[in-house]
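By convention here, the first residue in the shown sequence is residue 1.
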Amino acid sequence: MAFEQEDFNYFDLYQENTYLSDIVFQFVDKKFSKTIDFDLKNFSPRASDEILKWMWQAERNLPRLVQYDHWGKRVDRLETDSAWQSLHEVSAEEGLVAIGYERQSQEFSRLHQFLKLLIFHPSSAFYSCPLAMTDGAARVLEQQNDSRFAEVFQNLTSRKKNQFWTAGQWMTEKAGGSDVSQSETYAEFKQGRYFLYGTKWFTSAITADVAMALAQTEKQGIKKLSLFLVYLRDKNNQLDQIEVLRLKDKLGTKAMPTAEIKLNGTEGFLIGEWGEGVKNITTILNISRLYNSVCATGTLYRLQSLIRDYSLKRTAFSKRLIDHPLHQLTLAHTQAIAAASVQMVTALA
């Protein structure tokens, strides 16, 4: 479906800047508050204009899996709308991951980053999800400080749109679901290298460049989960011993391609110590939880702004909605929840 400007008339209602400047001045030292304030004020109009349009374009032109070419050869080619790529590029340019690692705002860098995420998410078509996994993977690699992955870390935290990589998080399987101890994917150790075999039930953002994957490993008859870094594609930009079984049909996050995949001997690079997979991936989970909280709050705050704007325009019983006492009470209640949520997630950040 082609993008039509008329489709966005409804959002002409909402051109309000989504940024709460008082949060910066409340939580951030004066030395950094002006810099952060300037960045977020410049970003907010972009989030409610061009980024919002990309969101709707991506949501209407959903990803498609082409499993075979015209000659019957298995290709597993994923086709996404150009708007999805635009969301990737703006994520890099605006430093939505990079800010947390550049640390130019010192101890307030994470707060700066998550305030920007709060503004971005409601317009992102859930591109915030691959950003969460990318951020988590970057943090794991930063903690490990392993020279083998220096280039990967640099790419995951880059502001250059042609260099910026995203990461996946491969945990969920049919057998265990959230109980990762029941994971059946295993890593076979051959000639000093690990190769992964098994099926991952829910791999978000299959467009990622790398992924953090849990797999069973065995030493002296003892089995434990270990964490591996997997490069999704080979030098020819083809999936490397990875078979896409299907794209998942989800209730939400439809613009983000999530797949069920089979690993057929994909090479994995051990992260950290053998058998400490759950411990190491906890870092990703903790960052993802904060992303989830910030993104939910961003949506709540955006909706609050929309319904307040609507109440100033809609009339009923010869009054604007905002002039009815019961509606005022409802707005006050939802505003209190939104404000408290913003306070909570910024304090956590």
*Return each pair, listed once, that meets side-chain hydrogen bond (donor to acceptor under 3.5 Å, both in side chains) where at least one residue sits in residues 202-222; pairs must be two or more places apart or across chains.*
T217-S226, T217-W274
*What are the two closest heavy atoms between A316 and L321, and how far apart are they?*
CB-CD2, 4.1 Å
*Check ion pair D76-R74 (N to O, under 4.0 angstrom)*: yes
*Does any N or O in the side chain of D49 come within less than 3.5 Å of the main-chain N or O of P45, such that one atom is a donor and the other an acceptor?*
no
*Measure the shortest side-chain to side-chain distance between F164 and S91 over non-hydrogen atoms and say whether it is less than 4.5 angstrom.*
yes
*asked:* Measuring from atom CG of D39 to atom CD of Q104, what distance do you get when rounded to the nearest 0.5 angstrom?
replied: 10.0 Å
*Close side-chain approach of T166 to H88, heavy-atom, < 4.5 Å*: yes
*Is any NZ, NE, NH1 or NH2 atom of the basic residue among R46 and E94 found under 4.0 Å from an Asp or Glu carboxylate oxygen of the other?*
yes
_Looking at T330 and L326, would you say the former's side chain and the latter's main chain have a donor-acceptor pair under 3.5 Å?_
yes
*For residues G136 and T283, report the shortest heavy-atom separation together with the two atoms involved.*
O-CG2, 4.4 Å
*What is the minimum heavy-atom distance between W170 and V230, and which atoms define it?*
CZ3-CG1, 4.1 Å
*asked:* Can you confirm whether the side chains of R308 and T334 place a donor and an acceptor under 3.5 Å from each other?
replied: no
*Using atom types as modelled and distance alone, determine if a side-chain donor or acceptor of R233 lies under 3.5 Å from a backbone N or O of A208.*
yes
*Please answer whether the main-chain N or O of Q169 pairs with a side-chain N or O of K200 as donor and acceptor at a distance below 3.5 Å.*
no
*Please examine the side chains of V294 and F114, heavy atoms only from C-beta on, and report whether any two atoms are closer than 4.5 Å.*
yes
_Within the 4.5 Å heavy-atom criterion, are T199 and E173 side-chain neighbours or not?_
no
_Single-linkage hydrophobic cluster, 4.5 Å side-chain cutoff, L239 and L229 together_ = no
*Any chance you could measure Q67, atom CD, to L78, atom CG, to the nearest 0.5 Å?*
11.0 Å
*Ignoring hydrogens and geometry, is there a side-chain-to-backbone donor-acceptor pair from S123 to S48 under 3.5 Å?*
no
*Is I307 reachable from L312 through a run of I, L, V, M, F, W or Y residues, each pair having side-chain heavy atoms under 4.5 Å apart?*
yes
*Do V278 and V140 belong to the same hydrophobic cluster, where Ile, Leu, Val, Met, Phe, Trp and Tyr are linked whenever their side-chain heavy atoms lie under 4.5 Å apart, directly or via other members?*
yes
_Strictly below 4.0 Å, N to O, side chains only: are K248 and E260 in salt-bridge contact?_
yes
*Evaluate ring-ring contact (aromatic ring centres under 6.0 Å, His included) for F189 paired with F195, printing each intermediate quantity in order.*
CA-CA 7 Å; F189 191 65; F195 298 91; 9.2 Å; no
*Keeping the roles fixed (side chain from S44, backbone from L40), state whether a donor-acceptor pair exists under 3.5 Å.*
yes
_Between K34 and D37, does any NZ, NE, NH1 or NH2 come within less than 4.0 Å of an OD or OE carboxylate oxygen?_
no
*Taking all non-hydrogen atoms of both residues, which atom of S109 and which atom of I99 are closest, and how far apart?*
O-CG2, 3.5 Å
_With no hydrogens and no angle check, just 3.5 Å: does a side-chain donor-acceptor pair link N155 and Q163?_
yes
*With no hydrogens and no angle check, is any side-chain donor or acceptor of D81 less than 3.5 Å from a backbone partner on W84?*
no
_Atom NZ of residue position K262 - does it have more than 12 heavy atoms of other residues, nucleotides or ligands inside 6.0 Å?_
no
*Under 6.0 Å from the six-membered ring centre of W201 and within 45° of its axis: does the NZ or CZ of R246 meet both?*
yes
*Could you tell me whether the side chain of S183 and the main chain of T172 form a donor-acceptor pair under 3.5 Å?*
no
_Backbone N/O of F149 and side chain of D146: donor-acceptor pair under 3.5 Å_ = no
*Donor-acceptor pair between D135 and Q113 side chains, under 3.5 angstrom*: yes
_More than 12 heavy atoms of other groups within 6.0 Å of D69 CG_ = yes
_Between K319 (side chain only) and T315 (backbone N and O only), is there a donor and an acceptor less than 3.5 Å apart?_
no
*Please check if any side-chain donor atom of R110 sits under 3.5 Å from a side-chain acceptor atom of Y101, or the reverse.*
yes
*Pair E50 + K53: basic N to acidic O under 4.0 Å*: no
*asked:* Would you call the rings of F32 and F108 parallel, tilted or perpendicular, taking 30° and 60° as the class edges?
replied: tilted
*For residues 263-275, which residue pairs qualify under salt bridge (charged side-chain N to carboxylate O under 4.0 Å, His left out), counting only residues two or more places apart or in two chains?*
R193-E267
*asked:* Assigning hydrophobic clusters by single linkage (Ile, Leu, Val, Met, Phe, Trp, Tyr; side-chain heavy-atom cutoff under 4.5 Å), is M133 placed with L141?
replied: no
_Nearest 0.5 angstrom please: S311 OG to L331 CG, how far?_
5.0 Å
*asked:* Would you say that L115 contacts H112 through its side chain, given a criterion of any heavy-atom pair below 4.5 Å between the two side chains?
replied: no
*Got T258 and L247 here, is their nearest side-chain heavy-atom distance under 4.5 Å?*
no
*asked:* I'd like to check I284 versus R139 (side-chain heavy atoms, cut-off strictly below 4.5 Å). Are they in contact?
replied: no
*Can you name the closest pair of heavy atoms from P122 and M55 and give their distance?*
O-SD, 3.3 Å
*Salt-bridge test for R159 and E102: reply yes if a basic N is under 4.0 Å from a carboxylate O, no otherwise.*
yes
*When rounded to the nearest 0.5 angstrom, what distance separates OG1 in T266 from CD1 in I242?*
4.5 Å
*How many angstroms lie between CZ in F202 and NZ in K250, if you round to the nearest 0.5 Å?*
5.5 Å
_How close do T346 and Q343 get, counting heavy atoms only, and between which atoms?_
OG1-O, 3.0 Å
*Can you list the steps and then say if V345 with L118 is a side-chain contact (heavy atoms from CB on, under 4.5 Å)?*
CA-CA 9 Å; V345 296; L118 186 145; 4.2 Å; yes
*CA sep, side-chain torsions, deciding dist, call: Y194, F228, ring-ring contact (aromatic ring centres under 6.0 Å, His included)*: CA-CA 9 Å; Y194 284 100; F228 295 90; 5.0 Å; yes
*Are E142 and R103 ion-paired here, with the side-chain N under 4.0 Å from a carboxylate O?*
yes
*Geometric cation-pi criterion K116 and F43, 6.0 Å radius, 45° cone*: yes
*Using ring-ring contact (aromatic ring centres under 6.0 Å, His included) as the criterion, point out the one residue from Y301, F126, Y127 that pairs with H121.*
F126
*Output the distance between atom CG (L214) and atom CD1 (I271), rounded to the nearest 0.5 Å.*
11.5 Å
_Do E79 and V66 have side chains that approach each other closer than 4.5 Å (heavy atoms only, starting at C-beta)?_
yes
*asked:* Other residues, nucleotides and ligands only: do more than 12 of their heavy atoms fall within 6.0 Å of CD on Q85?
replied: yes
*Could you verify whether a donor N or O on one side chain and an acceptor N or O on the other, from R289 and N292, lie under 3.5 Å apart?*
no
_Common cluster, L96/I36, ILVMFWY with side-chain heavy-atom separation under 4.5 Å_ = yes
*asked:* Both conditions, 6.0 Å and 45 degrees, for the charged tip of K73 above the ring of Y68: are they met here?
replied: no
